[in-house]
Every structure is written in C-alpha cells, then in structure tokens.
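Data first, discussion second: the structure below is written as structure tokens.
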Amino acid sequence: MDFLSSLNKEQREAVTETDGPILILAGAGSGKTRVITYRIAYLIAEKGVAPHSILAVTFTNKAAEEMRERVTRLLSGQRIPSAPLISTFHSLCVRILRQHIEALKEGYTRSFTIYDQDDSVRLVKACIKDLGYDDKQLGQRAVQATISSAKNRGEDAETYAARVEYGDEKRAAIARIFRLYEERLVNNNALDFDDLLVKAVQLLRRVAEVRDVYNNRFRYILVDEYQDTNALQFALIRFLTEKQQNVCVVGDENQSIYRWRGADISNILNFEQHYPNARVIRLEQNYRSTQNILDTADAVIKFNTERKDKRLWTANPAGERLRYYQAFDAESEARFVAAKIEEHRREDPKIKAAVLYRTNAQSRVFEEAMRRAGIPYNIVGGFSFYERAEVRDIISYLKLALNAHDSIALMRVINTPPRGLGKQTLDEIERRAKDYGVSYWETIAILTDDGKGLNPRATSALKNFQKIITDLVKVTTESASSDSPVSDVVKAAILDTGYSTALKNENSEEAEARLENLQELVNAAVDYDKQEQDGLRDFIDHAALVSDQDQYKRDALVTLMTMHAAKGLEFPLVFIVGLEDGLFPHSRSATDPAELEEERRLCYVAITRAERFLYLMHAMKRRVYGEEMASEPSQFLNEMPLDLIEDLTRGPSWLSFARSSSTLENKDAVRALRGDARERTKYSGKTYDSADSIAEFFRKRSQQLGGSAPKTQNEPTIRRAEQSSTASSPTRSSSSTSSRGAQPSGDFLPGSHVRHPKYGRGLVLRREGTGDSVKLTVSFPGFGQKKLIEKYAGLEKA
DNA sequence: GAACTTGCTGAATTG
DNA sequence: CAGCAAGTTC
C-alpha cells in the first residue's frame with residue numbers, strides 16, 4: 001500500500017505486524033494516532049480483514065470520532081462492506097449490556113437507565129438520608145467518590161463491607177450506604193458510570209455464551225491510551241482476547257495521569273507478562289516539538305523514579321527558548337497571555353494556541369481576559385451543554401418516559417416546573433414507597449387511586465403529573481413503533497410538560513437563554529435523526545456519555561482547558577499557567593510521593609503539547625476561596641534547565657534570581673545540607689523570592705540528582721536557629737490577612753516567612769483557628785505545602 | 001407551597 | 001467567591 005511510504009521504520013512495523021499481541025510504546029508526538037489508523041486501514045485494505053471484526057477502543061468520543069474520520073479518509077475510494085467498531089470503553093459496554101444484560105439475572109432489563117455522576121450523587125444523598133446519617137459528616141460527594149473508586153478496584157458492596165475494620169464508624173457507614181445504593185440502583189433499573197464497566201465484565205466472566213459471541217466477533221482489537229486503563233478495563237480486554245490474541249495496545253507510561261481514577265500503570269508495564277508472546281515496538285522519534293521543548297520535558301520527567309528509561313528524540317531544530325513570566329496576580333497572568341496571543345498573531349494570524357491550567361477554577365480569569373481583548377476562544381470542561389439544568393430536566397422527562405421506575409429522574413422533574421407538589425407531598429410519596437417497597441411511580445398510582453393521606457389539592461396535582469408522564473410515554477412508544485424522529489419526542493417533552501410555558505412566563509433574560517438551550521437540544525436531536533436511527537434510548541445514552549473532553553473544537557484558534565483535557569492534542573503555541581506550589585503540583589498530592597510523580601507526568605504531558613512556543617507562568621498571589629493568598633513558584637519550574645528559558649518578567653523575578661545566584665548553588669546547597677541555617681538570612685525583601693528559598697530548591701535538587709542523599713529527611717538536618725538571630729520578616733504588602741477567623745495575635749500571619757526545623761524557610765499561606773489549635777498552611781520551597789499546628793510545629797520567625 | 005434571605009462550608013484532575 | 005441548605009416571609 002502506498003501510504004506506508006510516509007511512515008518511518010518503526011511505525012511501519014507497528015502497522016504491518018498484524019497478528020499476535022503487540023505493545024506500542026509511543027512517546028509524545030511520535031505519531032501514535034497515525035499508527036493506529038493506518039493499522040486499521042491496513043488490516044482492511046491489505047489483509048482483507050472484515051471491518052466489523054475489528055474493534056478499536058478509546059477513552060473519549062472525540063478520539064474515537066477522529067479515528068473514524070481518519071480511517072475513512074485513508075480508505076476513501078475503497079468499497080468496504082461494513083465499518084470497524086471504533087468506540088469508547090463506556091459505549092462499548094453499553095452496547096454489550098443493551099444486548100445481553102438480562103443474562104446476568106440480577107433484575108436488570110435491557111431498558112436500563114444510565115446514571116451520570118450527578119444522578120449518582122443524588123442517589124447517594126437519598127441513601128444517606130434514609131439511613132439516618134448526618135449528611136454533614138458524610139459528604140455526599142465524598143461517599144460517592146469512595147463507592148466509585150471501590151468499584152473501579154473491582155470491589156462490590158459486600159467485599160467493601162468485609163474490609164471495614166472494627167471500630168471504623170465512617171467506613172462502616174459508607175459500607176451500609178454502598179449496599180443500599182446498589183439495591184436502589186437495581187430497583188431503579190439503573191447503572192452508574194462505573195457499573196457500565198463492572199456489569200459488562202461480570203457478564204463476560206459469568207456467561208460463556210456471551211463471551212463467545214464477542215470473542216468470535218472481534219478478531220482484531222486495538223486499545224488507545226493503554227496506560228490509562230484500570231482493572232476493569234483490563235479485565236474487559238482480557239476477556240475479549242481470550243480466543244485470539246490479536247491485540248494491539250498503544251500507550252506511554254510517562255503520560256499516565258489517571259491513577260486517581262483507578263488507572264493502573266502496571267497494565268502497560270507488565271503487558272509482556274500478560275501476553276507472553278508480545279512484541280514490543282518503541283516509537284521514539286518526536287515529530288511535534290522543538291528540541292528545546294523536548295529537552296525541558298525530558299529534564300522534568302527524569303525526576304521520576306517510576307519509569308522505563310526512554311529517550312525521545314527529534315530531528316526538529318532547537319527552536320526558540322522557552323519563555324517565562326512571573327505575573328503579579330492571576331489577572332495580570334491572564335492579561336499577559338492575551339497580549340502574547342495578539343503578538344504572535346501579528347506574525348501568524350492563524351496560529352493555534354492553548355492555555356493549560358491545573359484546575360477548572362482557573363479558567364474564569366482567562367475567559368474574561370480573552371473577552372476583553374476581543375479574542376474568540378473555545379473552552380473545554382466546566383459546564384458542558386448536557387450538564388445545564390434545563391437540558392437535564394428534559395432528559396429526565398425522557399428517561400422517565402422510557403423507564404418510569406427511575407426515581408432519581410422522577411424526583412428531578414416532579415415539581416419542575418412548579419405544579420403544586422411541595423415537600424409535604426414528596427415526603428408522603430417517599431414514606432409510602434418505602435412502606436410498600438415499590439418505586440415512586442407505582443406509589444403515585446396508589447396515592448392517586450385511594451387519595452388517602454393527601455389533601456385533595458395535592459391529589460389533583462399529582463394526577464396532573466401522572467397524566468403528563470403517561471402521555472409522554474404514549475408519544476414515546478408510538479414514536480418507537482412508527483420510527484418517527486427522536487426530535488419529535490424531545491419537542492413533546494419540552495412542550496407537553498409545561499416546561500417551555502413556565503419559562504416563557506418568567507419573562508426574564510435567563511429564561512430566554514434556557515429556552516435557547518432547549519432549542520439547541522432539539523437541534524441535537526434533529527442532527528441525531530439525520531445520522532442514526534437507533535431511537536430515543538440511544539440518543540439519551542449519547543447524552544449521558546458525552547464528556548467534557550468532547551467539547552474540543554479542532555479549528556478554534558484559542559483553547560482554554562485543563563492539562564488533563566489536553567492529552568493527545570498539540571498546538572504551536574502553548575501557555576502553561578499557574579506553575580505554583582500547591583496549585584501545580586496540587587497541594588493534595590503533596591503527601592504521597594506517587595501522587596507527586598503523577599503530577600510530574602502531568603507536567604510532562606503539558607510541556608509536550610507544544611510544537612514551537614512554550615510559555616511558563618506563575619503568579620505571586622491569587623484568590624483561593626475568595627481569599628487572597630501568596631504563592632511560591634512550582635518545584636517543576638526548578639526542575640527545568642534554566643538556561644533554556646528566557647525571562648520576560650519586567651523587574652526582578654524568581655527566575656532571574658535563581659539564575660544570578662547559580663554560582664551560589666553549590667555553596668548554598670552544601671551549607672544547607674550541613675545544617676548551617678544561621679547564615680542563610682540574607683533577604684532583600686524586594687524581590688519576589690529570597691536566597692533562602694532558592695537554596696532550598698537547590699538543596700532538594702542536588703539531593704535528587706546526587707541520588708545518594710536521602711530523599712526525605714528523617715532527621716532534622718537544620719537545627720533550630722537561635723531565636724534572636726533573625727530580624728522580623730518584611731510582610732508582603734500584597735497579601736492580606738485571612739478574612740475568616742484569624743486573629744493577628746501571633747507572628748505567623750499569611751504572607752510572612754517562617755523557619756521550620758525540618759523544612760527550613762517557608763511562606764505562610766493560610767492561618768486557621770485560634771488559640772492552641774491554630775493551623776497554618778505553609779509553603780516550603782522544595783517540599784511543597786504543609787499543614788502545621790502552630791503550637792507543635794516549632795516554627796520561628798524568619 | 002413558593003419565593004426570598006441568610007449563613008455556611010468547600011473545589012483536582014473525568015467517562 | 002461560589003453553590004446549597006435551612007430558615008423566613010408572603
């Protein structure tokens with residue numbers, strides 16, 4: 001095939017070695033997607049494999065879509081009898097379950113409902129309430145997250161309960177909630193996101209006939225982003241490859257950033273054990289980035305210990321140096337980005353830029369800055385279309401029409417728009433439903449029938465609601481039998497439920513916007529009708545399974561997104577913002593070295609998104625919880641080769657200081673290691689950071705580079721210095737004191753510097769509580785953020 | 001029963 | 001500074 005000529009040797013091998021298990025270790029920018037799509041095309045066009053016996057699995061719809069497009073393009077002109085199945089893990093599972101779930105014999109039917117996270121949290125909340133637990137002690141979200149991660153580890157309610165230790169009240173409570181939650185899911189004929197995988201795997205494990213069906217169907221299997229697979233996804237692939245081993249997995253362990261979601265990096269590291277005859281191909285030539293960008297990424301990732309040694313190289317030129325900017329605050333950081341984008345556009349008006357941040361909360365300032373500068377942008381993440389309340393409401397009506405036992409959907413819409421069904425009535429429904437042990441929908445039938453326990457007013461309101469739903473069910477079933485468009489049913493759900501009327505009566509701009517969103521939903525349904533004909537059920541499934549990442553628009557010139565969302569993408573111009581200690585690496589990862597390594601991989605991912613220009617930025621202060629907090633530069637900055645970075649800051653900056661003191665590096669590091677803290681008090685008070693902080697950075701660095709020095713300090717290397725020797729610290733004028741609770745009685749106010757016996761000099765970020773229980777959040781350069789009890793921490797002024 | 005007010009607590013990353 | 005829950009008023 002002629003298109004093979006455009007591939008390098010390794011890529012070609014990865015495409016043409018079609019049989020047997022194969023692991024493709026594809027470094028960033030090494031043409032991974034290319035290899036997968038060419039491989040699929042090759043199988044079909046050259047090997048004559050029937051397209052429908054090929055399965056390719058991705059994590060996002062967007063990736064699947066792109067793959068489909070590229071394969072189609074490669075095969076254009078060829079007549080193919082069927083299409084390969086290119087799907088996300090989740091939709092693959094839905095497909096399997098819609099076909100076979102009844103074989104599990106757990107009470108689920110093929111018309112099950114999918115609960116997204118929001119639904120799932122609501123259900124958890126109801127369980128907490130019904131078990132009489134205090135929902136203040138057990139955060140609904142936290143409980144849901146615990147249940148979710150248990151499921152992803154492969155545990156069910158029973159095994160979770162079995163692991164609860166005696167006396168651990170909280171976990172015991174969660175175990176009981178877990179059990180009730182599962183029970184309710186079955187009663188509602190609903191599966192949450194995790195269940196989609198759990199149940200599909202159970203099905204394949206337990207029912208040999210089902211396993212056979214898929215083993216016979218899929219002869220060639222490809223898995224994208226294999227480093228992000230978790231135990232369930234691994235099991236799924238194992239079962240699907242039981243008979244044949246034509247499995248091709250592609251991934252990069254340096255880009256594994258979903259550990260927190262259960263991703264197990266050992267899936268990729270141990271692939272050769274799992275599939276003993278596996279062939280391994282490494283794609284190490286990077287076609288994306290300049291040498292300088294690649295060198296920086298490489299320098300950072302080298303600080304990780306958990307990795308296979310692999311060196312990415314490129315034939316690309318060194319390119320420009322990376323650019324660094326120290327902003328005063330988050331707003332000026334955003335303004336700087338906007339200004340730079342405009343500057344680059346003067347050179348190249350079509351240049352594509354990405355702004356990458358650690359948390360979605362950071363996006364707002366950038367949105368504002370872009371709007372003010374008149375720069376159109378696309379934002380990925382945050383509130384997606386299907387997460388808007390009005391859209392979810394209509395979807396809930398539709399879900400209810402398909403599955404009236406879905407109590408979560410029912411409760412969502414029973415009084416939306418308001419139709420006179422208040423707390424009293426709802427409580428009554430809840431109580432009776434529990435008494436009778438039936439669903440809310442059935443309870444409503446009983447209540448409207450006997451009318452007992454409710455006043456006539458409520459009864460008639462309830463009858464009204466009942467009629468609305470039965471009518472909608474009628475429309476739905478008629479539509480299904482006559483193959484009429486899905487969009488008609490969606491329209492009915494908006495109009496016949498009184499939803500649009502209620503919005504129109506509001507006469508506000510907000511209501512207007514909501515109506516427009518509903519119009520969008522109708523449009524989506526019309527689009528759907530044009531493309532597929534799998535009915536309302538499938539349309540709803542789509543709505544449940546679209547992800548934030550799917551919002552990425554390829555031709556947008558400016559994209560704002562999290563670093564996670566950026567995986568797999570590339571841009572000529574990239575801004576990595578908020579490189580601050582506690583933000584990136586995130587403070588929650590500070591305690592666990594494995595999590596810190598994951599943050600570092602995330603940093604690696606972010607850097608390697610850039611093709612030509614890469615900006616690294618941090619702000620000196622930013623608002624967190626509406627409170628102004630000072631921040632120190634990220635340790636990742638310090639792990640980069642500083643000579644590859646150009647400083648664009650006006651005036652003194654952390655970088656200029658770090659550079660100019662590079663001759664001090666060894667001296668300071670040695671001194672710090674020796675434990676002589678007394679000398680290290682020179683502090684200009686004007687520049688952002690002090691020599692001390694820099695020395696701490698270098699100390700950490702020399703430890704890591706040296707290898708022999710202990711990584712964590714078990715014994716204090718720095719003795720407590722004499723209290724009198726240090727002058728009181730010049731408090732940073734920019735940082736205000738905490739607005740909540742803190743009393744300016746002590747000396748350790750936010751913004752001041754302290755010295756800790758073990759971590760050395762640090763900056764107080766936050767102060768909570770009073771008296772003996774004063775807790776401080778302190779940022780120690782090189783060690784990250786620590787939470788300390790003032791009384792015991794042995795702090796002193798610095 | 002619904003609309004409005006206050007007061008509190010809590011955000012990392014996602015299919 | 002949010003968003004949400006409980007409390008208050010019409």
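Proteins get letters first, then strands, A, B, ... in listed order; numbering begins at 1 in each. Bear in mind the structure is a predicted one, so any value in this text is a computation, not a measurement.
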Expressed as a whole number of angstroms, how long is the span from [X]:[atom1] to [N]:[atom2]?
| X | N | atom1 | atom2 | result |
| --- | --- | --- | --- | --- |
| A:Asn455 | B:dG1 | CG | P | 7 Å |
| A:Asn230 | B:dT14 | CG | P | 16 Å |
| A:Lys151 | B:dT14 | NZ | C1' | 16 Å |
| A:Asn415 | B:dA3 | CG | P | 9 Å |
| A:Arg261 | B:dT14 | CZ | P | 9 Å |
| A:Arg122 | C:dG3 | CZ | C1' | 13 Å |

inquiry  = I need the full list of salt bridge (charged side-chain N to carboxylate O under 4.0 Å, His left out) pairs touching residues 412-429 of chain A, with sequence neighbours left out, sorted by first then second residue.
reply    =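 Those involving residues 412-429 of chain A are A:Asp118-A:Arg412, A:Asp393-A:Arg412, A:Lys423-A:Asp427, A:Glu428-A:Arg431, A:Glu428-A:Arg432.
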Does the distance from a Lys or Arg side-chain N to an Asp or Glu carboxylate O, for [X] and [Y], drop under 4.0 Å?
| X | Y | answer |
| --- | --- | --- |
| A:Arg609 | A:Glu570 | no |
| A:Glu225 | A:Lys567 | yes |
| A:Asp264 | A:Arg259 | no |
| A:Arg358 | A:Glu599 | yes |

Let's see if you can work this out: which of [options] has an atom nearest to the side-chain heavy atoms of [X]?
| X | options | result |
| --- | --- | --- |
| A:Pro418 | B:dG10, B:dA3, B:dG15 | B:dA3 |
| A:Asp194 | B:dG15, B:dA12, C:dA2 | B:dG15 |
| A:Phe193 | B:dA11, B:dG15, B:dT14 | B:dG15 |
| A:Tyr258 | B:dG10, C:dA2, B:dT14 | B:dT14 |
| A:Thr359 | B:dT13, B:dA3, B:dG15 | B:dT13 |
| A:Trp260 | B:dG15, B:dA11, B:dT13 | B:dT13 |
| A:Thr60 | C:dC1, B:dG15, B:dA11 | B:dG15 |

request  = Using the P atom on both, measure C:dC4 against B:dT13 and round to a whole Å.
outcome  =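 Those two atoms are separated by 16 Å.
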message = Centroid distance below 5.5 Å plus an interplanar angle below 30 degrees: do A:His586 and B:dA12 meet both conditions?
response = yes
[X] side chain N/O closer than 4.0 Å to the phosphate oxygens (OP1, OP2) of [N]?
| X | N | result |
| --- | --- | --- |
| A:Asn152 | B:dG15 | no |
| A:Gln140 | B:dT9 | no |
| A:Asn360 | B:dT13 | yes |
| A:Arg358 | B:dA11 | no |
| A:Thr562 | B:dA12 | no |
| A:Thr425 | B:dG1 | yes |
| A:Lys125 | C:dA5 | yes |

note = Residues at least two apart in sequence or cross-chain that pass side-chain contact (heavy atoms from CB on, under 4.5 Å) with A:Arg371, listed by chain then number, are A:Glu367, A:Tyr377
Does [X] reach a base, just sugar-phosphate, or nothing at all? Heavy atoms under 4.0 Å.
| X | answer |
| --- | --- |
| A:Gln117 | base |
| A:Gln233 | nothing |
| A:Gln362 | nothing |

task = With ring-ring contact (aromatic ring centres under 6.0 Å, His included) as the test, would you mind laying out the steps for A:Tyr115 and A:Phe193 before giving the verdict?
result = CA-CA 6 Å; A:Tyr115 278 1; A:Phe193 271 144; over 10 Å; no
What does the list of N/O pairs under 3.5 Å between the protein and nucleotides 8-10 of chain C look like, with a distance for each?
none

inquiry  = Please evaluate residues A:His564 and A:Tyr258 with respect to the criterion ring-ring contact (aromatic ring centres under 6.0 Å, His included), reporting the C-alpha separation (whole Å), side-chain torsions for both, the decisive distance (0.1 Å), and the verdict.
reply    = CA-CA 9 Å; A:His564 282 89; A:Tyr258 288 103; 5.4 Å; yes
